[in-house]
Protein chains: 2
Amino acid sequence: MFLSSYENKLDKKRRVSVPASFRSHLSSLGYNGFVAYPSFNHEALEACSEDRIKKLSNTIDSLNPFEEKRDYFATSVLSESMSLQFDSEGRVLITDKLLNHAKIKNSILFVGLGKTFQIWEPKSFEKFKIVARKKAYQNRSNLKWDNKLTGEKI
Amino acid sequence: MFLSSYENKLDKKRRVSVPASFRSHLSSLGYNGFVAYPSFNHEALEACSEDRIKKLSNTIDSLNPFEEKRDYFATSVLSESMSLQFDSEGRVLITDKLLNHAKIKNSILFVGLGKTFQIWEPKSFEKFKIVARKKAYQNRSNLKWDNKLTGEKI
DNA sequence: TGGGTTTTTATGGGATGTTATGGGTTGTAT
DNA sequence: ATACAACCCATAACATCCCATAAAAACCCA
């Protein structure tokens, strides 16, 4: 799982260290890198393991080949995805295109979301976090949670 | 189960001993650590075993990957969760972020809540306890008690 | 039951390992 | 050649490991 948040720095060569815990999770899945693409909803990047993108590709592919939606998803996600591989120090090189989408300059925030993570400009994320916390609190009862097993809410 | 409360001290390196009884319960579940995240409601930390967070992650992941709600929950809980592992003496290292949320400086209180536990600044907890006790007393008839669900004698 | 002994727990701190980061050098396409 | 990616080495900050000790709890046996 990708948990917690880590703020690291971009160097002059556009490299950034991926948090060790994220690397070790990816490594446990058999990967030495991950896939990133611009978020639909945010000025941020979405990131996940390669098999998750494969799954998404299959889902898109199950749509009718002549259906417009198919192209829209494929174009918006797959055509913009970059596969990023770690160097020997656990860093990745991020393209300018991706950095621009997230308006990242120097600092870069890795945000763990369980099966995926996001990459943010730290100050942008701070703003979003406030909204998210409010909305999550309002909707906390909407998350279906099987009480029979645990007998407790989150 | 996590029962009772224990007050321990933070050392200079931000380490704190986890109560032995909590450790042995986690160990019986197959873990050598736990997950902590800031509470929604209190100036305190929520803590639980890893499988509980995994379950939450799976629940969140069952939502459509492009749905906004997904982000709200994941951001508010998962991105703030830290997986804390015991060192060889049964201590964990707590990040400043978590300590600040709970306003913890030197002393740290572990509060057993059955399947989960909380981490408090001792004096904050004293205040909360008074309120909690009052409210529990007012609502004492509202606790639904159904032997069929638990299947256990007490 | 009481008092002495052993074991466990909480805590401190030095030594070692890891991580994030910087930068030089080599390799490789255009 | 030029640009840039990949590889290699260096280092400071800090996490983890290991050993030490004091207090508390559990044990044991007269």
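When reading the values below, keep in mind they use all heavy atoms of this one structure, side chains included, and skip hydrogens, waters and symmetry mates. Throughout, a chain's letter reflects where its sequence line sits, starting with A, and its residues are numbered from 1. Just so we're clear, the structure is a prediction, and the values are computed from it rather than from any experiment.
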- Task: Check each residue of residues 83-93 of chain A for a non-hydrogen atom within less than 4.0 Å of any atom in DNA chain C, then write out the ones that pass by number, or none.
- Result: A:E89, A:R91
- Task: Could you state the atom-to-atom distance from CG of A:D96 to P of D:dC4 in whole Å?
- Result: 9 Å
- Please list, chain by chain and in numerical order, all residues satisfying side chain to side chain contact (heavy atoms under 4.5 Å, CB included) with A:E89, sequence neighbours excluded. A:D87, A:R91
- Message: Taking the axis from the first five pairs and the axis from the last five, what angle separates them in the helix from C:dT1-D:dA30 to C:dT30-D:dA1, rounded to 10 degrees?
- Response: 40°
- Separation of D:dA15 atom P from B:M82 atom CE, nearest Å, is 10 Å
- Qualifying side-chain hydrogen bond (donor to acceptor under 3.5 Å, both in side chains) pairs, either residue in residues 13-26 of chain B, two or more places apart: B:Y6-B:S21, B:D11-B:R15
- Quick one: list whatever passes salt bridge (charged side-chain N to carboxylate O under 4.0 Å, His left out) with A:E80, sequence neighbours left out. none
- Message: What is the separation between atom CZ on B:F110 and atom C1' on C:dA10, rounded to the nearest whole Å?
- Response: 11 Å
- Item | Aromatic plane relationship, B:F34 with B:F86 - under 30° parallel, 30 to 60° tilted, over 60° perpendicular | tilted
- Qualifying residues under side chain to side chain contact (heavy atoms under 4.5 Å, CB included), relative to A:K134, sequence neighbours excluded: A:Q138
- DNA chain C contacts among residues 11-32 of chain A, heavy-atom distance under 4.0 Å: A:D11, A:K12, A:K13, A:R15, A:S17, A:V18, A:P19, A:A20, A:R23
- Apply side chain to side chain contact (heavy atoms under 4.5 Å, CB included) to B:S5 and list each qualifying residue two or more places apart in sequence or on a separate chain. B:L109, B:V111
- Message: Please enumerate all residues that pass side-chain hydrogen bond (donor to acceptor under 3.5 Å, both in side chains) together with B:S39, with sequence neighbours excluded.
- Response: B:E46
- Message: If I take atom CG in residue B:L10 and atom P in nucleotide C:dA10, what distance separates them, rounded to the nearest angstrom?
- Response: 14 Å
- Could you check how far CD1 of B:I108 sits from P of C:dT11, rounded to whole Å? 10 Å
- Message: Can you pull out every side-chain hydrogen bond (donor to acceptor under 3.5 Å, both in side chains) where at least one residue sits in residues 98-116 of chain A? Sequence neighbours excluded, please.
- Response: A:E7-A:S107, A:E43-A:K103, A:K115-B:N58
- Under the salt bridge (charged side-chain N to carboxylate O under 4.0 Å, His left out) rule, collect the residues that match up with A:K55, sequence neighbours excluded. none
- A:E50: partners by side chain to side chain contact (heavy atoms under 4.5 Å, CB included), with sequence neighbours left out: A:Y31, A:V35, A:K54
- Message: Nearest 0.5 Å, please: how far is CD1 in B:I104 from CH2 in B:W120?
- Response: 10.0 Å
